[in-house]
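Report on the following structure.
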Amino acid sequence: MDGQDSSYNPNLPPSHYTPMIPPLTTDVKYNLYDTNTSENKPFNDVNGMLQQIMSIVDQSLDEAQSRKHAFNQSRLKPAFFQVLCEIKEKTAINIRNFPEDEPPDAQLMRLDNMLLAEGIAGPERLGGSSTSSSAASANAAASINDESALEHGDYRAKLSQIRQLYHSELEKYEQACNDFTSHVINLLHEQSRARPISPREIDRMVAIIRKKFSSIQLQLKQSTCEAVMILRSRFLDARRKRRNFSKTATEVLNEYFYSHLSNPYPSEEAKEELARKCGISVSQVSNWFGNKRIRYKKNIGKAQEEANLYASKLANQAAQGVGSMRRDSDSSHHGER
DNA sequence: TACCATGATTGGCT
DNA sequence: AGCCAATCATGGTA
C-alpha cells in the first residue's frame with residue numbers, strides 16, 4: 001500500500017492500552033497479563049497468532065478474554081491490524097461504494113446563490129440601495145420614496161430578522177456537526193485500538209456525517225428562501241401593496257378629469273405634470289385615467305354628483321380670481337354628460 | 001365580516 | 001404604444 005497507510009499505526013503502545021470492555025470475569029488470574037506464560041508465546045509469530053485467533057471461538061469466555069489481552073500486547077498486533085485495514089479497504093468498504101467526490105448539489109447551489117443575492121448569506125451590507133436608485137430616477141417623484149420609506153424599512157427589518165435567524169441556526173448546525181464529528185472521530189480512534197480502522201475509513205465516516213448535516217442545512221436554506229420569497233411578494237409586489245393615493249392627489253386628478261371631461265386623455269406632458277403634482281408615477285397617472293374613464297362611463301349617474309362637485313369647485317376657483325389664467329378647454333366643450 | 005372603492009394587471013384591439 | 005374591458009387583490013367602512 002502507499003506510504004500513508006504503511007505509516008499508520010493503529011495502536012497506542014501496548015503499555016498504554018486499556019481495554020474498552022472490561023473482562024467478563026472477575027477472576028484476577030486472567031487480568032494479569034504475564035507475557036512469560038506459555039499461553040502468550042504463540043502471539044510472537046504470525047502462524048501461531050493466527051492459529052490462536054482462529055481457535056478463539058472454541059475457548060471459554062475467560063480463556064478468550066485472556067487471549068485477547070495477550071494479542072493486544074503482542075508486538076505483531078500493529079502489523080496485523082494494518083493488514084486487516086488493507087483487506088477492508090479492498091473489500092468490505094468498497095461495497096458501500098461511497099461516492100468520493102459527488103458533484104455539488106445543483107439545488108444547494110441555487111439556494112446559496114439566492115441567499116447571497118438577497119443579502120442573507122453574504123456579508124452584512126449597508127442599506128444604500130435606495131439612495132442610488134432614487135437619485136437615478138429623480139423624475140419618479142421623490143415623495144414616493146418618502147411614502148414607501150417606512151415600508152421599505154419594515155422590509156429591511158424583516159429581512160435582517162430572517163438573516164439573523166438563518167445565521168444563528170446555521171451556526172447551531174455547524175456546532176452540532178463539529179461536536180458530533182469530533183465525538184465520532186474520538187470514538188473511532190478509541191475503537192481503532194480494538195479493531196482495525198484505517199484513517200481513510202474515519203475520513204469517510206466524517207464525510208458521511210457532513211453530508212447528513214448538510215442535508216439538514218439544505219432544509220434550513222430552503223425554508224429561509226421561502227421566507228424571503230414570501231417577504232418579497234408581500235412588500236415588493238405593488239399589486240399586493242396597493243395604497244390609495246393621497247386625498248390631494250385624487251383631487252388633482254379628478255380636477256383634471258372633470259375639467260377635460262370631453263377629452264379626458266392627458267398628453268404625455270400633462271401626465272408628467274400631474275404625476276409631479278400628485279407625487280405618483282406617470283404610469284400610475286395613466287392607470288388612474290384608464291380606470292377613471294371606464295368607471296365614469298359605466299356609472300355616469302353616480303359620477304354626476306362628483307362631476308358637479310368638481311365643476312362647482314372650479315367655478316369657485318374661477319370666481320376667486322384664479323381664473324385669470326383660464327383653464328383652456330373646460331367651459332368651451334362639455335356637451336355630453 | 002360583507003361589501004364597495006380603488007389601484008394594478010392582463011389580454012385583446014387598433 | 002395607448003387604450004378598453006375584465007379582473008385581481010387590497011383598502012376602507014358600515
Side-chain angles (χ1 to χ4, degrees), chain A residues 114 117-118 129-162 223 225-314 316-317 327-330 332-337:
Chain A
M114 181 183 162
E118 296 298 331
S129 59
S130 69
T131 52
S132 61
S133 69
S134 68
S137 56
N139 63 337
S143 61
I144 291 179
N145 284 338
D146 292 345
E147 266 173 35
S148 63
L150 199 137
E151 288 161 22
H152 199 248
D154 204 11
Y155 171 78
R156 282 225 302 271
K158 288 230 163 62
L159 196 67
S160 83
Q161 201 178 321
I162 291 176
S223 55
C225 277
E226 237 166 75
V228 172
M229 291 306 281
I230 290 169
L231 190 67
R232 276 178 76 89
S233 68
R234 272 252 174 283
F235 281 85
L236 300 184
D237 188 349
R239 182 171 172 153
R240 289 181 187 281
K241 207 56 199 169
R242 183 177 70 78
R243 305 256 79 162
N244 288 350
F245 297 153
S246 69
K247 211 168 177 94
T248 51
T250 31
E251 250 169 62
V252 169
L253 292 166
N254 271 315
E255 214 168 282
Y256 186 97
F257 181 80
Y258 285 114
S259 61
H260 298 74
L261 206 49
S262 61
N263 185 35
Y265 297 89
S267 66
E268 196 58 32
E269 297 81 54
K271 280 181 190 172
E272 276 169 23
E273 176 160 359
L274 285 169
R276 201 167 41 246
K277 273 188 191 166
C278 299
I280 60 179
S281 70
V282 173
S283 65
Q284 279 178 307
V285 173
S286 299
N287 281 339
W288 190 90
F289 272 89
N291 283 323
K292 189 70 186 179
R293 281 190 298 263
I294 193 77
R295 282 163 185 165
Y296 175 82
K297 201 173 81 177
K298 262 188 185 171
N299 202 344
I300 291 177
K302 201 170 178 184
Q304 183 72 59
E305 349 174 338
E306 200 178 32
N308 290 336
L309 192 86
Y310 279 95
S312 62
K313 211 173 220 170
L314 284 175
N316 280 344
Q317 281 182 1
R327 301 178 168 272
D328 40 4
S329 57
D330 58 355
S332 49
H333 42 32
H334 51 309
E336 32 134 17
R337 282 205 193 175

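Protein chains get the first letters and strands the later ones, always in sequence-line order, with residue 1 at the start of each.
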query = Out of C/dA5, B/dT6, C/dA6, which nucleotide sits closest to the side chain of A/Lys297?
reply = C/dA5
task = Write down the distance between CH2 (A/Trp288) and C1' (B/dT9), rounded to a whole number of angstrom.
result = 19 Å
remark   = To the nearest angstrom, the CZ-P distance between A/Phe289 and B/dG7 comes to 12 Å
query = Quick one: is B/dT6 close enough that its OP1 or OP2 comes under 4.0 Å of any side-chain N or O from A/Arg295?
reply = no
inquiry  = For a quick test of reading the model: is some side-chain N or O of A/Gln284 closer than 4.0 Å to OP1 or OP2 of B/dG7?
reply    = no
query = What is the distance from NZ of A/Lys298 to P of B/dA5, rounded to the nearest Å?
reply = 12 Å
message = Need one value for A/Lys292: base, sugar-phosphate or nothing, where a base atom within 4.0 Å counts as base even if backbone is also close, heavy atoms only.
response = nothing
Of the listed nucleotides B/dG7, C/dC4, B/dT9, the one nearest the side chain of A/Asn287 = B/dT9
task = Give the C-alpha distance, both sets of side-chain angles, the deciding distance and a yes or no for side-chain contact (heavy atoms from CB on, under 4.5 Å) between A/His260 and A/Tyr265.
result = CA-CA 8 Å; A/His260 298 74; A/Tyr265 297 89; over 6 Å; no
request  = Measure up the A/Tyr258 and A/Tyr296 rings against each other and bin them: parallel (under 30°), tilted (30 to 60°), perpendicular (over 60°).
outcome  = perpendicular
Axis bend over the full length of the helix from B/dT1-C/dA14 to B/dT14-C/dA1, computed from five pairs that close each end, to 10 degrees = 10°
inquiry  = A/Ile280 and side-chain contact (heavy atoms from CB on, under 4.5 Å): which single residue from A/Leu253, A/Asn287, A/Leu274 fits?
reply    = A/Leu253
inquiry  = Using 0.5 Å steps for rounding, measure from the NZ atom of A/Lys292 to the CG atom of A/Leu261.
reply    = 9.5 Å
key: Under 4.0 angstrom between A/Tyr265 side-chain N/O and C/dC4 OP1 or OP2   = yes
ask   = Going by heavy atoms in the side chains, are A/Trp288 and A/Phe257 under 4.5 Å from each other?
value = yes
Validation row, ring centre A/Tyr256 to ring centre A/Phe289 under 6.0 Å = yes
query = Reckon A/Arg243 has a side-chain N or O less than 4.0 Å from the OP1 or OP2 of B/dG7?
reply = no
remark   = Separation of B/dT6 atom C1' from A/Lys247 atom NZ, nearest Å, is 14 Å
ask   = Hey, are the side chains of A/Glu272 and A/Val285 touching, using non-hydrogen atoms and a 4.5 Å cut-off?
value = no
remark   = Out of B/dG7, B/dA8, C/dA5, minimum distance to the side chain of A/Asn244 belongs to B/dG7
